[in-house]
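Structure first, commentary second.
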Amino acid sequence: MIEVTKDYIDELKKVIETKNKEAAIAILNDLHPADVAELYKELSLQEAIYLYLLMDGDKAADVLMELEEDDRRKLLKELPNEVIAKQFVTEMDTDDAVELMRDMDEEMQEDILSHIDDVEQAGDIIDLLKYDEDTAGGLMGTEMIVVNENWSMPQCIEEMRKQAEDEGMDEVYNVYVVDDDERLRGVLPLQKLVTCPSISKIKHVMQKDPVAVQDNDSMEEVVEIISKYDLVSLPVIDSIGRLLGHITVDDVIDEVKEHHERDYQLASGISQDVETSDNVFVQTKARLPWLLFGMIGGLSNSSILGGYAAGFAANPNMALFIPLIGGTGGNVGVQSSAIVVQGLANNTLKQGQVFKQVFKETAVALINAAIISLIVFVYNYFTLGDHNITLSVSISLFAVVMFASTFGTLVPLILDKFNINPAIATGPFISITNDIIGMLIYMATVTVLLA
């Protein structure tokens, strides 16, 4: 890991400016791909391109995948498709190559694939591009060690060496065992290669019935299985059990991180994925929709309150508790929706548990509503002196907490049912809706009790 100081950047820029290839290569060789990607933010696009073209294929490909998506797009836009194909794609594992090409238009994908000499690799990429990116098929890679259950141990070891060399594999997580029809039968622990060298056939020492996922299973299911069984890799099969590829834990971590970042921004009222490096127009476009929605909510609240102007004139104390009613409803709604969204995200909240969860949230809301409204009642009783307002505020708080909790629980469940990201329920949508409903409840209660 390097410390990116101003002096370090200035020295690197000077090396690039003077076109000192030897010095630039020496600097790059000392850096991890993630550190090189970190330097990208400090360099101009042309300076970054100069460095990329000096790197060997493996490192250039690794660095490219470490870049933020927007930075990666900007870089690729400046490079010829032939360079992208031969310098990057051919040096990547298929899952990384698919991730790189997924955002490209169809014409660019076809042109890049036409420059790949390895027909088998190009075919694998084409097959993987057909999968949705949030499925097991969209996450998997095809580089793996596969042996036949009827092979002898010496034959297996020889074939493993050959496959590892042909695939250019730096790490071997598992050795997968298939039958003559390419159906997954087991996993061969590497330890068995050392301790059981004389066994006649692989099927006698393999671990049978390994945990696997189908190619169309969702990313959430993949994450759950890898987490549950503490796996470093997970085989992917088709509907009849044929081995298609495998997913490694590092790919899953990257995907989970991206999804969490997306959900966090969505819950914060940002309608699309943005980075701090994005320009003003992109960031404004991402933030403005929910701000406009909030503005509409605020104007609606103003209209509601305007309808009770006479009541405020007669009972000025009514206005003191507007922030309390609105704030409490928003907080309760966000808490309830956040619990449900978390349960949906990690699959701890199953379809059969929906009513149980609603019942539990209702019970929690009853306790919270009773405590909050009682505390406010006691406080107002001794400090306010207006018993009608005191009773109105406590009743309103109780009703608002109950509504907000129920609303915050049901909305993400309904969104998930219609395949809409439920993370939006934890953001401004819940807060603004509860604020408006809370005002209506408060005003209606005050009107009834003061009539």
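A distance of 4.0 Å separates CD1 of Ile125 from CD1 of Ile116, quoted to the nearest 0.5 Å. Interatomic distance, Leu28 CG to Lys21 NZ, rounded to the nearest 0.5 Å: 13.0 Å. Atom CE of Met65 is separated from atom CG of Asp251 by 9.0 Å, given to the nearest 0.5 angstrom. To the nearest 0.5 Å, atom OG of residue Ser152 and atom NE2 of residue His204 are 11.5 Å apart. Rounded to the nearest 0.5 Å, atoms CD (Glu159) and CH2 (Trp151) are 4.0 Å apart. Taking CG of Asp96 as the start and CD of Glu91 as the end, the distance is 12.5 Å to the nearest 0.5 Å.
Gln109 places a side-chain N or O within 3.5 Å of a backbone atom of Met101 that can act as its donor or acceptor partner. In this structure a side-chain-to-backbone donor-acceptor pair under 3.5 Å is present from Asn434 to Ile430. Not a single donor-acceptor pair under 3.5 Å links the side chain of Asp416 to the backbone N or O of Pro412. Side chain of Thr135 to main chain of Asp132: a donor-acceptor pair is present (N/O by atom type, distance under 3.5 Å, no hydrogens or angles). When atom types are taken as modelled, the side chain of Asp56 and the backbone of Asp58 share a donor-acceptor pair closer than 3.5 angstrom. In this structure, the side chain of Lys59 engages the main chain of Leu31 through a donor-acceptor pair within 3.5 Å. With Asp111 contributing its side chain and Glu107 its backbone, the two residues share no donor-acceptor pair below 3.5 Å. Between the side chain of Gln121 and the backbone N or O of Asp118, no donor-acceptor pair lies under 3.5 Å. Asp217 places no side-chain N or O within 3.5 Å of a backbone atom of Glu221 that could act as its donor or acceptor partner. Counting only distance, with no hydrogens or angles, the side chain of Thr328 and the backbone of Ile325 share no donor-acceptor pair below 3.5 Å.
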Would Asn20 and Glu22 count as a side chain to side chain contact (heavy atoms under 4.5 Å, CB included) here? Give the steps. CA-CA 6 Å; Asn20 190 337; Glu22 291 75 15; 3.5 Å; yes
Walk me through whether Val177 and Lys203 qualify under side chain to side chain contact (heavy atoms under 4.5 Å, CB included). CA-CA 8 Å; Val177 183; Lys203 61 183 176 183; 5.8 Å; no
Under the side chain to side chain contact (heavy atoms under 4.5 Å, CB included) criterion, do Gln87 and Tyr52 qualify, and how do the steps go? CA-CA 9 Å; Gln87 182 102 358; Tyr52 276 106; 5.8 Å; no
Please determine whether side chain to side chain contact (heavy atoms under 4.5 Å, CB included) holds for the pair Glu149 and Lys201, giving the CA-CA distance in whole Å, both sets of side-chain angles, and the decisive distance to 0.1 Å. CA-CA 7 Å; Glu149 62 180 350; Lys201 290 185 179 180; over 6 Å; no
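In this structure, Ile237 and Gln214 have side chains that are in contact, with non-hydrogen atoms separated by less than 4.5 Å. Contact of the Val205 side chain with the Leu188 side chain is registered, since non-hydrogen atoms from C-beta on lie closer than 4.5 Å.
Side-chain contact check for Tyr50 and Ser44: no donor-acceptor pair (N or O, by modelled atom type) lies under 3.5 Å. With no hydrogens or angles considered, a side-chain donor-acceptor pair links Thr248 and Asp250 at under 3.5 Å. Inspection of the Thr94 and Glu143 side chains reveals an N or O donor paired with an N or O acceptor under 3.5 Å. Side-chain N/O atoms of Asn174 and Ser233 include a donor and acceptor closer than 3.5 Å.
Of all heavy-atom pairs spanning Val332 and Ser405, the tightest one is CG1-N, 3.7 Å. The two residues Met108 and Asn81 make their nearest non-hydrogen contact at CE-OD1, 3.5 Å. Considering all non-hydrogen atoms of both residues, Val211 and Leu234 come closest at O-CD1, 3.6 Å. Taking both residues in full, the closest heavy atoms of Ile247 and Ala136 are given as CD1-O, 3.6 Å, listed atom of the first, atom of the second, then distance. In terms of heavy atoms, Leu243 sits closest to Pro235 at CD1-CB, 3.9 Å. Contact detail for Leu75 and Leu45: the closest heavy-atom pair is CA-CD1, 4.0 Å.
With sequence neighbours left out, Asp180 forms a side-chain hydrogen bond (donor to acceptor under 3.5 Å, both in side chains) with Asn148. Take Asp103 and apply the salt bridge (charged side-chain N to carboxylate O under 4.0 Å, His left out) test, not counting sequence neighbours, and it matches Arg73. Residues satisfying the salt bridge (charged side-chain N to carboxylate O under 4.0 Å, His left out) criterion with Lys86, sequence neighbours excluded, are Asp117.
Counting heavy atoms of neighbouring residues, nucleotides and ligands inside a 6.0 Å radius, atom CD of Gln155 exceeds 12 of them.
Salt bridge present: Glu47 and Lys13 bring a charged side-chain N and a carboxylate O closer than 4.0 Å.
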